[in-house]
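Here's the structure, in structure tokens; my notes come after.
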Amino acid sequence: MSEHIIHVTDGDFEDKVLNADGPVLVDFWAEWCGPCKMIAPALDQIADEFEGKITVAKMDVDSSPVTPNQFGVRGIPTLMIFRDGNIQAMKVGGVPKGALQSFVEENI
């Protein structure tokens, strides 16, 4: 896993995501989720390629269920880009790296 990906929980989501300087891409995922595992390498690459432009964070919905529920996460993986404490963009489901890269570029 990329050293540029942070892990967030219900306890530190507000501090690390909502109060962050700059945009944060949050991957709501679970260990048992096949599509989540499928996009993980692409997220690692995005975290490395966009270092300094966007923070990439992962939140395990099983160990931190409160925050995903607050933001209406119904399926995983759900990717949300937050800026200034608000959801700027959202994408649900496994997507190829090119689509993920375009999603990030359009929203940073």
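Taken to the nearest 0.5 Å, the CD1 atom of Ile54 stands 10.5 Å off from the CD atom of Glu105. Remark: Phe50 CZ to Thr55 OG1 distance equals 13.0 Å, nearest 0.5 Å.
In the hydrophobic clustering of ILVMFWY residues, with side-chain heavy atoms under 4.5 Å counting as a link, Ile6 and Leu18 come out together. Connection of Val24 to Ile108 is not established within any shared hydrophobic cluster, with ILVMFWY side chains joined at heavy-atom distances below 4.5 Å, either directly or through further cluster members. Val95 and Val26 sit in two unconnected hydrophobic clusters of ILVMFWY residues. Membership requires side-chain heavy atoms under 4.5 Å apart, directly or through other members. Under the 4.5 Å side-chain contact rule for hydrophobic residues, Val8 and Ile76 share a cluster. Grouping the Ile, Leu, Val, Met, Phe, Trp and Tyr side chains by contacts below 4.5 angstrom, directly or via other members, places Val56 with Leu79.
Applying the side chain to side chain donor-acceptor pair (under 3.5 Å) test to Ser64 and every residue at least two apart in sequence or in another chain returns nothing. Listed by chain and residue number, Trp32 satisfy the side chain to side chain donor-acceptor pair (under 3.5 Å) test with Asp62 (two or more places apart in sequence, or in another chain). Annotation: salt bridge (Lys or Arg N to Asp or Glu O under 4.0 Å) contacts of Lys37 (sequence neighbours excluded): none. Remark: Phe13 engages Phe71, Phe82 in a ring pair (Phe, Tyr, Trp, His ring centres under 6.0 Å) (not counting sequence neighbours). With sequence neighbours excluded, the residues satisfying side chain to side chain donor-acceptor pair (under 3.5 Å) with Thr9 are Asp12. With sequence neighbours left out, Glu49 forms a salt bridge (Lys or Arg N to Asp or Glu O under 4.0 Å) with Lys97.
Side-chain N or O atoms of Asp10 include one that pairs as donor or acceptor with a backbone N or O of Val66 at under 3.5 Å.
Sorted by first and then second residue, the pairs that involve residues 76-90 and meet side-chain hydrogen bond (donor to acceptor under 3.5 Å, both in side chains), not counting sequence neighbours, are Arg83-Gln88. Applying the disulfide (SG to SG under 2.5 Å) test to every pair with at least one member in residues 78-108, sequence neighbours left out, gives no pairs at all. Sorted by first and then second residue, the disulfide (SG to SG under 2.5 Å) pairs involving residues 66-108 (not counting sequence neighbours) form an empty list. For residues 37-108, no pair satisfies disulfide (SG to SG under 2.5 Å), with sequence neighbours left out. Applying the ring-ring contact (aromatic ring centres under 6.0 Å, His included) test to pairs two or more places apart or on separate chains, none has a residue in residues 87-108. Sequence neighbours left out, the pairs with a member in residues 13-108 that pass disulfide (SG to SG under 2.5 Å) are Cys33-Cys36.
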| field | Working for side chain to side chain contact (heavy atoms under 4.5 Å, CB included), residues Trp29 and Asp60 | value | CA-CA 5 Å; Trp29 72 287; Asp60 183 338; 4.2 Å; yes

| Under the side chain to side chain contact (heavy atoms under 4.5 Å, CB included) criterion, do Glu51 and Ile46 qualify, and how do the steps go? | CA-CA 8 Å; Glu51 179 192 7; Ile46 295 289; over 6 Å; no

| Taking it one step at a time, do Val73 and Met59 satisfy side chain to side chain contact (heavy atoms under 4.5 Å, CB included)? | CA-CA 11 Å; Val73 174; Met59 174 173 263; over 6 Å; no

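Using a 4.5 Å heavy-atom cutoff, the side chains of Leu43 and Leu25 are in contact. In this structure the side chain of Asp27 reaches within 4.5 angstrom of the side chain of Ile39, judged on heavy atoms. The side-chain heavy atoms of Asp44 and Ile5, taken from C-beta on, include a pair separated by under 4.5 Å.
Within a 6.0 Å sphere centred on CD of Glu3, other residues, nucleotides and ligands contribute 12 heavy atoms or fewer.
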